[in-house]
Amino acid sequence: MPSTGLSLGPKLRYLVERARRIDVSSVIERAKEVHEQHGKPVPLVVADMLWSAGRRDVAFQDYVDYDFAILSKAERATFMTHPVSMQLAARYAHPDYRVLFENKIEFNKRFDRFLRREWLVVETGNADAVRAFVEKHGTIVAKVPVSHMGLGVHRYHASEVDDWAAFHRGLLERDEVLLEEVIVQHPDIAAVCPGTVNTTRITAFHDGSEVHILAIAQKFGRGAVSDQMSFGGFYTMLDDAGRALGSGYDSHGHVHEKHPDTGFPIASFQLPLMDEVRAFIDAVARVVPQVQYVGWDVVVTPDGPVLVEGNWGAGVYENKPSVTGIRTGHKPRYRTAIGF
């Protein structure tokens with residue numbers, strides 16, 4: 001695609017807002033992390049972080065997570081960053097259609113055929129239906145319709161409910177009004193972490209004709225209801241064939257050569273049914289063409305991939321050079337597909 005560039009206006013507004021909200025102590029703490037990891041002097045790191053944020057659209061956490069302190073200028077330029085992703089998301093998601101991705105109930109309605117699992121909305125007066133749903137499945141997941149980072153998601157077991165009227169009332173009071181059947185993941189994924197449904201984040205761009213897969217990250221949980229970092233989860237990047245590029249890591253300085261609970265070597269992971277996954281993403285990305293840049297969360301099951309959610313604010317998952325030994329990121333792929 002021809003380059004269209006990123007608008008100066010949104011970038012300036014972002015920089016002004018960042019400057020207004022900057023937490024100097026937080027920057028210094030991140031600089032200390034960099035010092036501990038790579039031995040760089042804290043004052044120099046602080047200066048470099050501020051310069052990178054203002055001139056290169058690099059968030060402070062991006063600087064830490066992607067080991068910018070040890071990369072050359074050319075190597076840094078290959079990494080996608082959250083500020084750039086935010087600008088792309090704002091440009092390529094029509095405001096009238098964002099609610100389909102922000103509200104989980106609306107998302108389920110629109111993408112129902114790709115969920116491949118049963119779900120139910122909790123409403124006043126449907127306590128009997130809720131009981132029947134939970135008893136049928138034994139264990140269910142309850143979600144708050146609008147939430148982020150895995151928050152507002154809980155797992156409930158029918159065997160632990162004594163008072164169904166109180167259970168129904170509690171769901172309404174906590175706004176946990178979307179109930180879903182638990183996904184059964186592929187054995188190859190369960191071998192890494194059986195207690196959590198481990199999602200694959202696939203960032204893709206629909207240019208109006210083709211669907212381009214830009215980056216693939218495999219997330220792993222720690223047995224909780226979510227694989228997000230707020231629940232102790234971590235991730236590793238995958239190549240186009242679905243093979244792990246190295247060990248796992250998170251934004252808290254933790255590196256996992258093996259899964260802490262099962263001992264599975266993360267660098268040996270291979271996402272199963274990769275051809276089906278690619279075809280699946282091509283199909284889901286065409287459902288709402290008004291939202292072109294999306295981070296899709298899918299789970300590969302024994303019967304193929306299923307959809308968990310789509311994020312119009314796609315976020316960024318990137319390679320970590322100090323873990324993988326790979327000193328380049330995915331930004332060239334984004335540029336080629338999107339044209340900026």
Using a 4.5 Å cut-off on heavy atoms from C-beta on, say whether the side chain of [Y] contacts that of [X].
X	Y	value
V287	F114	yes
W164	V161	yes
F79	D62	no
V316	T81	no
P321	I326	no
L179	V141	no
I183	V308	yes
V45	H35	no

Quick check for you: to the nearest 0.5 Å, what is the distance between H212 atom NE2 and Q292 atom CD?
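Atom-to-atom, H212:NE2 and Q292:CD are 10.0 Å apart.
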
[X] with [Y]: basic N within carboxylate O range, under 4.0 Å:
X	Y	result
E135	R131	yes
K136	E118	yes
E176	K143	no

Would you please name every residue forming a salt bridge (charged side-chain N to carboxylate O under 4.0 Å, His left out) with [X], sequence neighbours left out?
X	value
E75	R327
R286	D282
R30	none
R116	none

With sequence neighbours excluded, residues passing side-chain hydrogen bond (donor to acceptor under 3.5 Å, both in side chains) with H94
none

side-chain hydrogen bond (donor to acceptor under 3.5 Å, both in side chains) against N103, all qualifying residues, sequence neighbours excluded
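With neighbours one apart ignored, the set is empty.
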
Go through the structure and list residues passing side chain to side chain contact (heavy atoms under 4.5 Å, CB included) with A244, not counting sequence neighbours.
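With neighbours one apart ignored, the set is T236, L238, F269.
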
Hey, is OH on Y97 packed in by over 12 heavy atoms from elsewhere, all under 6.0 Å?
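It does not: Y97 OH has 12 such atoms or fewer within range.
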
With Y334 via ring pair (Phe, Tyr, Trp, His ring centres under 6.0 Å) - residues at least two apart:
none

Review item, side-chain donor-acceptor pairs of residues 251-258, under 3.5 Å, at least two apart:
from, atom 1, to, atom 2, distance (Å)
S251, OG, D65, OD2, 2.8
H254, ND1, D250, OD2, 3.0

Chi angles and distances behind the side-chain contact (heavy atoms from CB on, under 4.5 Å) call for R56, K73:
CA-CA 10 Å; R56 301 300 182 193; K73 179 180 177 181; 3.5 Å; yes

Residue pair V34, F68: steps toward the side-chain contact (heavy atoms from CB on, under 4.5 Å) verdict:
CA-CA 9 Å; V34 174; F68 270 33; over 6 Å; no

Would you call the rings of [X] and [Y] parallel, tilted or perpendicular, taking 30° and 60° as the class edges?
X	Y	answer
Y317	Y235	perpendicular
F167	Y156	perpendicular
W296	F107	tilted

Using the salt bridge (charged side-chain N to carboxylate O under 4.0 Å, His left out) rule, collect all pairs that involve residues 214-241, keeping only residues at least two apart or in two chains.
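Qualifying pairs: K219-D297, R222-D261, D239-R243, D240-R333.
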
According to the salt bridge (charged side-chain N to carboxylate O under 4.0 Å, His left out) rule, which pairs have a member within residues 263-281, sequence neighbours left out?
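Qualifying pairs: D275-R278.
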
Please determine whether side-chain contact (heavy atoms from CB on, under 4.5 Å) holds for the pair T262 and H259, giving the CA-CA distance in whole Å, both sets of side-chain angles, and the decisive distance to 0.1 Å.
CA-CA 6 Å; T262 62; H259 193 283; 3.4 Å; yes

Does the [X] side chain pair with the main chain of [Y], one donor and one acceptor, at a distance under 3.5 Å?
X	Y	answer
N126	V121	yes
R76	A74	no
D163	A166	yes

Indicate every side-chain donor-acceptor pair of residues 185-193 with a distance under 3.5 Å to a residue at least two apart or in another chain.
from, atom 1, to, atom 2, distance (Å)
Q185, OE1, N198, N, 3.0
Q185, OE1, N198, ND2, 3.1
Q185, NE2, C193, O, 3.2
Q185, NE2, T196, O, 2.9
H186, ND1, D188, N, 3.0

Which of I202, I216, I213 passes side chain to side chain contact (heavy atoms under 4.5 Å, CB included) with V277? Answer is I202

Answer yes if the side chains of [X] and [Y] hold a donor-acceptor pair under 3.5 Å, and no otherwise.
X	Y	answer
H330	N319	no
H82	D57	no
Y293	S85	yes
D112	W119	yes

Quick check: Y63 with W51 (ring centres under 6.0 Å apart)?
no

